[in-house]
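Have a look at the structure below, then the notes.
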Amino acid sequence: MAKRRYWLMKSEPGTYSIQDLEREGSTMWEGVRNYQARNLMRDECQVGDLVLFYHSSAKPSGVAGLARVSTAPYPDPTQFEVKGPYHDPTSDPNDPRWILVDVEHVETFPEVVPLTALKAEPALADMLVVQKGQRLSVMPVDKDHFKRVCRLAGAKTKIR
DNA sequence: GCCAACGTTGGC
DNA sequence: GCCAACGTTGGC
């Protein structure tokens with residue numbers, strides 16, 4: 001089986017937006033508290049993998065730009081920040097439960113590609129993010145779907 | 001704000 | 001192991 005190379009990661013722009021990532025250059029993808037999403041970051045993400053940066057609960061919700069996985073997986077430090085929003089008192093420091101990767105900014109799209117546009121595209125009918133009830137905050141994306149979204153966005157980045 | 005979908009928890 | 005209750009996500 002070929003390694004996965006393409007991802008979609010969701011963030012509420014009020015919490016962390018593509019503009020925040022552009023300003024900072026890179027960030028820890030912190031606060032993921034879902035086992036399936038964690039397993040993908042822990043077991044599947046590789047340095048260099050490309051990421052669709054998705055704005056959720058936004059106006060409009062949609063793909064706002066591109067990022068790239070920039071580190072190997074490591075424990076999410078926010079799980080041990082007692083006063084932080086992502087504290088997990090049941091996580092053992094000697095065997096941390098929550099794992100993350102860093103992502104770096106690649107490109108901010110001129111305009112968000114709204115979810116409605118993804119749903120309107122027949123070639124994207126099988127894409128996970130357009131499926132009903134799909135709540136994973138980190139999800140794999142087929143290369144063909146990734147390229148299609150980049151084309152819809154008028155992306156500068158070329159996908160080989 | 002509503003609510004459908006889905007994950008987690010905990011009683012049994 | 002079942003499943004009801006509850007919490008969260010996220011589109012609308």
Side-chain angles (χ1 to χ4, degrees), chain A residues 4 6-24 27-45 49-69 73-103 105-142 144-146 148-155:
Chain A
R4 293 205 179 95
Y6 301 94
W7 306 96
L8 180 145
M9 297 189 184
K10 294 178 183 173
S11 181
E12 297 192 13
T15 303
Y16 197 87
S17 69
I18 188 77
Q19 287 76 22
D20 293 325
L21 183 61
E22 179 164 13
R23 186 177 333 109
E24 295 180 5
T27 189
M28 296 189 298
W29 204 256
E30 66 191 37
V32 172
R33 296 293 179 267
N34 168 283
Y35 288 105
Q36 215 179 331
R38 176 206 66 181
N39 292 349
L40 290 170
M41 287 198 288
R42 184 188 63 189
D43 303 334
E44 306 281 351
C45 284
D49 289 357
L50 286 170
V51 177
L52 297 174
F53 193 115
Y54 183 90
H55 283 175
S56 61
S57 299
K59 294 179 187 175
S61 294
V63 181
L66 299 180
R68 186 187 293 112
V69 175
Y74 64 98
D76 181 346
T78 67
Q79 69 196 297
F80 304 120
E81 293 173 0
V82 175
K83 291 183 177 172
Y86 301 125
H87 183 226
D88 182 353
T90 67
S91 182
D92 177 358
N94 296 312
D95 184 19
R97 172 172 301 155
W98 303 112
I99 303 295
L100 55 65
V101 296
D102 286 9
V103 300
H105 184 264
V106 172
E107 174 177 353
T108 301
F109 292 154
E111 294 182 31
V112 171
V113 180
L115 180 59
T116 51
L118 303 181
K119 287 181 171 174
E121 189 71 15
L124 300 178
D126 294 333
M127 195 179 179
L128 279 178
V129 75
V130 309
Q131 307 305 315
K132 191 162 83 169
Q134 180 51 68
R135 302 183 310 175
L136 264 189
S137 60
V138 176
M139 60 175 74
V141 177
D142 289 350
D144 287 347
H145 292 161
F146 199 99
R148 178 74 57 158
V149 173
C150 287
R151 194 187 322 161
L152 287 175

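Letters A, B, ... are given to chains in the order of the sequence lines, protein chains preceding strands, and every chain is numbered from 1.
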Next item on the list: Give one of base, sugar-phosphate or nothing for A:Lys59, where a contact means two heavy atoms less than 4.0 Å apart.
Entry: nothing
Next item on the list: Please identify each residue that fulfils side-chain hydrogen bond (donor to acceptor under 3.5 Å, both in side chains) with A:Ser11, with sequence neighbours left out.
Entry: none
Notebook entry, point to check: Do A:Val51 and A:Trp29 pass the side chain to side chain contact (heavy atoms under 4.5 Å, CB included) test, and can you show the C-alpha distance, the side-chain angles, and the key distance before you say yes or no?
Noted result: CA-CA 12 Å; A:Val51 177; A:Trp29 204 256; over 6 Å; no
Check: How about A:Arg33 and A:Thr78: does a side-chain donor come under 3.5 Å of a side-chain acceptor?
Finding: yes
Next item on the list: Say whether, by atom type as modelled, one donor and one acceptor occur between the side chain of A:His55 and the main chain of A:Ile18 under 3.5 angstrom.
Entry: yes
Check: Which is the 5'-most and which the 3'-most nucleotide of DNA chain C that has an atom under 4.0 Å from a heavy atom of chain A?
Finding: C:dG7 to C:dC12
Which pairs of donor and acceptor atoms, one on a side chain in residues 114-127 of chain A, lie under 3.5 Å apart (sequence neighbours left out)?
residue, atom, partner, partner atom, Å
A:Glu121, OE2, A:Arg148, NH1, 3.3

